[in-house]
Every structure is written in C-alpha cells, then in structure tokens.
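Reading through the structure tokens given below for one structure.
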There are 2 protein chains.
Amino acid sequence: MSAFPSFAVTVDLVVLTVRDDALCVLVVERGEAPYAGRRALPGGFVHPGEDLEQAARRELAEETGLADGTVHLEQLRSYGAPDRDPRTRVVSVAHLALAPDLPTPQAGTDAAAAAWVPVDSLGPGDLAFDHDEVLRDGVERARAKLEYSPLATAFCPPEFTVGELRRVYEIVWGAALDPRNFHRKATATPGFLEATGERTNRQGGRPAELFRRGPATALLPPLSRPGRSEPAGGTSAST
Amino acid sequence: MSAFPSFAVTVDLVVLTVRDDALCVLVVERGEAPYAGRRALPGGFVHPGEDLEQAARRELAEETGLADGTVHLEQLRSYGAPDRDPRTRVVSVAHLALAPDLPTPQAGTDAAAAAWVPVDSLGPGDLAFDHDEVLRDGVERARAKLEYSPLATAFCPPEFTVGELRRVYEIVWGAALDPRNFHRKATATPGFLEATGERTNRQGGRPAELFRRGPATALLPPLSRPGRSEPAGGTSAST
DNA sequence: ATAATAGTGTCTCTTAGACAATATTTC
DNA sequence: GAAATATTGTCTAAGAGACACTATTAT
C-alpha cells in the first residue's frame, strides 16, 4: 500500500445574523457547475498548507468581507456522503459563524452574488449539495448554544442593551420572552454582561443601560428555551 | 484549475466504556510508522465509496469486534492541522463510540494489540498524533451528553438496574451522586427508563428492579452534573 | 443480629415564570 | 396626557439536594 485514497476537502460556512426581525443566513449564487445558478452556502476548497479553521476564516473574509474579530466561528460537523459532490469525492467540514448585523454590503470575490436570506424562507431543495442539512444542523446548533453559552452576544454590536439582546433570543428561538424576567436573569448571570456605565440609546422609551459581553464562556444557570417540555402526562403510554 | 488539492481522510475512534470502576478508552499499539510502537486511538483511512459513518462502523468492527447494534456511535469533530500526520496531508473525522462492558476480548485484525485503558491514566503525550486532544474532546462530549441525553444507557447492558446506571454517572463524572435523589429523578424522567417487570439481580442487598432504555432522545429536565456552579458570590476573581 | 443495596417520603432552599408597579423617554 | 420601553419587586409553583425512614436480601 503506497497511496492513500484521495479526497478533496472543503469548508462550508453557515453564517448567521439577525436582521430585520429574522434569523438570516448568508447564501451565494453559484457561478459554476455543479449546481450553477443555484443558491448554496459559501465555502471552498481547503488549501494544502492550511488548517481547517484558517480555511474557514479565509473563505469568510473572501465571501463576506467580514472582519475577523467581529465574527464568532466554530466547527460544526463534517459531511462526507460519497455522492454529495458530482465532481469528485469531497468531504466538507462545515463551520458555523455568527455575526452582528453589519451595514456591510456583501462584496463577493468568489461568488456571483451573496445575500442574507431568512432561514425560514428556505425549504428543502432550495440549496445546492446537501446544504439544506448543513443549514439545519447549524441553526439547531445556534439555537441550542444560546441556552448555555453567551453566544447571543455575537449577534450584537460591541455595546448593546438588554432589550436588544432579548430580541436576539426571541428571533433565534422564535418565541416571546418576558422582558422583565429576561432582564433579571441576564444581568444576574455571572460574567455574561458587563455594564459600560453609559445609558443613552433609544429605541422607543426610557433609555437603557449599555452592556458589553462579559468574560463568561458558559451561562450558569442556563437560559431556558420555552416550549421544550411535554404537556405533563403522556410520554409513557404513547408511541 | 483542473485538480483539487488532494487529502487523505481518516476516521479515528474514541471508544469509551465503563470497566472496573473507571472510564476506559480503547487504544491500540501502532505496528507501523509513524509512531510505531506508540499507543493511539483506533482508526483508519476512509475507503473511496464509503460514507464517514460507514467507515467508522467498519473500523469499529475491525478493531474491536463490537457488534453494531450494541454500540452508540456519533461524529465528534474533525482535525486537520497541516502537520498532524507526517506521511501526507490528513484530515481525520473523529467519532465517539460508547459501549457496555462486554466480556469481549479485543480481537485486533488491524492493530497489534488493543486494550482498555483508564482515561485518567493517560497524560499529555501518551498518544500518537493529536490523539490526546481527540480523546479529551471525546470525554468532554460524553460527560456533557450524560446530562441531557439518555446516553448513559449505552454503557449498560440491555437490562440494568438504577444502581448500575447511577454508577455509570458517578464514574464518568467522577462525582458521587445521592442514590435516593438519583433514583427518583431517573425513574421520573419521561421516556428515560422502561420497567421490565423483572426484579431479581443481585449486587449485594435487596433485589433491584430491572429497566431497559426508554424511547426518549433527550432528558427533560436534565440531570445536573455536580460542582459546575461557583461558590456563590465571586465569578470575577476566579479563573 | 449486621451490612449492604433498593426504594419512598419529607423538608428546605433556589429558581422559573407570571405579573404588578414604577421610571423615563417620545409623541 | 397616551404609548413605548426599561427596571425593580413580589408571588407561586416546581425542582434540586439533604436526609430520615422502610424494605429485602446475604452473611
């Protein structure tokens, strides 16, 4: 045995932001075959000398122009069905990126057109390759991580109010949260929020205090997503 | 641009079991370079027509002889540092497998010797490649998942007692749990445990009721791992 | 009897969620 | 003034953890 089976390795990006009261994902329109003209998640081949995360950051910069420091990036999972790309055998290492709603117009070097699309507007079959599944996994990861990590702040500008943070939660989870309970919990969770001292800022009523994200890497106790328990009584007998 | 950069893709396995009051991982002794004679996680190259999970299951069978149905298998994450394998550029898709303590002697087809080793006995540098990191990530995933998923049952035989299940939690978490509170919570969590009706089985005192795993895929509410909150008052100073 | 494990009940303290009340702004 | 958002406080119900107590086996 001299040679190893040869694969191509790509990174695909699920880039999420909160925009116009909707959770949006960055999609590009493919210029080349396969799936030319179809929408897809941004991504590309990993270069020979490049780490997986480096490749993801490079693609992120190329396709979105998003500055490095403002975006949260983590590996999601890998997809390697033998027929997922008709060109050759490809294993894709998907990454999840969370960005604030920047005024950045998407300058695509690689892609014909990049656009923010509400995730709810995308149905099965709307994205090329197996990107429907990748997107679904990425959104679910983001929803889950808001519970026990301070990641919701990645959707916010450097300084933000509790109300803005709550709106992020409501939009990502698709559920209304009580503003008063949320305020108490968010500010009480150690390391989650750091007061800036400033308070002006308006989106309607009384000025709110401005916070920046604190040093915590986990939320203890977690914020709980509504509607995840069963209506009291029937898990046993059913099926 | 005609060709894509060429990579080799492997699957590596973090196979965990609970054995002799310790959380153990399956390691093999490498017969070939690189790292010949060193211990490593089992794994191997993905075949050209093979899905990632198929490859993981194949390696699991080859290296451990573990029957397919008895083992929980899930993808962990991928590792792709450019220099992680001196032979060629390799991306490894690590998988996590949880197995009950089978009386199976490890029949290694591929590996010189396979052995169960307590994870606590392995320090940095004891495993080849970047397998220290892979193992650490796998153990942490397992510990975390016991909280909110019924995965602890994957460490148990098909029928087990609440006490056996509790011992799994205690060993994996490395913390003592109150038997009475654990019993109440485990049996009250909907879909977690299914009574078999049988009750004999002895490991000392009064016979215990036998259960099998229920249909639940998540534990609501979760079982909470002790010692994860700060001692009331100081998050700032601590590390 | 003692030792060991299994299982139930009870108590207290904390937390989640509902929601009243107040504060500070714009219109 | 009304309307909107921010922030604090209070109440209640549910869950976590401590732990007394009973049950059933082996020795």
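First the proteins, then the strands, lettered A, B, ... as listed; each starts at 1. These values consider heavy atoms only, across backbone and side chains, with no hydrogens, waters or symmetry-generated copies. Remember, predicted model here, so these are calculated numbers, not experimental data.
Put simply, A/His183 has no side-chain N or O that comes within less than 4.0 Å of OP1 or OP2 on D/dA6. Look at A/Arg167 and you'll find a side-chain N or O under 4.0 angstrom from OP1 or OP2 of D/dA6. Residue B/Lys185 places none of its side-chain N or O atoms closer than 4.0 Å to OP1 or OP2 of D/dG15.
Between the CD atom of A/Glu209 and the P atom of D/dT5 there is a distance of 19 Å, rounded to whole Å. Spacing between atom CZ of B/Arg225 and atom P of D/dA16 amounts to 16 Å, rounded to whole angstrom units. Atoms CG (B/Asn201) and P (D/dA26) sit 13 Å apart, rounded to a whole Å. When rounded to the nearest whole Å, the span between CZ of A/Arg199 and P of C/dA23 equals 14 Å. Between the CZ atom of B/Arg166 and the P atom of D/dG17 there is a distance of 15 Å, rounded to whole Å. Between A/Leu219 atom CG and C/dT15 atom C1' the separation is 15 Å, expressed in whole Å. Atom CD of B/Glu198 is separated from atom P of C/dA6 by 17 Å (rounded to the nearest Å). A/Leu193 has its CG atom 14 Å from the P atom of D/dA6, to the nearest Å.
The only member of A/Glu53, A/Glu59, A/Gln54 that meets side-chain hydrogen bond (donor to acceptor under 3.5 Å, both in side chains) when paired with A/Arg57 is A/Glu53. When the options A/Val28, A/Val15, A/Leu41 are evaluated for a side chain to side chain contact (heavy atoms under 4.5 Å, CB included) with A/Glu63, the one that passes is A/Val28.
Residues B/Asp178 and B/Leu223 each lie close to DNA chain D; by heavy-atom proximity, the contact nearer the 5' end of the strand is made by B/Leu223. Each of A/Arg202 and A/Arg184 was matched to the nucleotide of DNA chain C holding its nearest heavy atom; the match closer to the 5' end belongs to A/Arg184.
For A/Asn181, taking side-chain heavy atoms from C-beta onward, the closest of the listed nucleotides C/dA18, D/dA16, D/dT7 is C/dA18. Closest approach to the B/Arg206 side chain among D/dA23, D/dA6, C/dT25 is made by D/dA23 (side chain taken as heavy atoms from C-beta onward). You'll find that the side chain of A/Pro221 is closest to C/dA16, out of C/dG7, C/dA16, D/dT5. Residue B/Arg180 places its side chain closer to D/dC19 than to any other of D/dC19, C/dT24, D/dA16.
No donor-acceptor pair closer than 3.5 Å links the side chain of A/Ser92 to the backbone N or O of A/Val11. Remark: side-chain polar atoms of A/Arg77 are not paired, donor with acceptor, to backbone N or O of A/Ala94 under 3.5 angstrom.
Of the N and O atoms on the side chains of A/Tyr79 and A/Asp12, not one donor lies less than 3.5 Å from an acceptor on the other residue.
A/Ser224 comes within contact range of the sugar-phosphate backbone alone, with a heavy-atom separation under 4.0 Å but no base atom that close.
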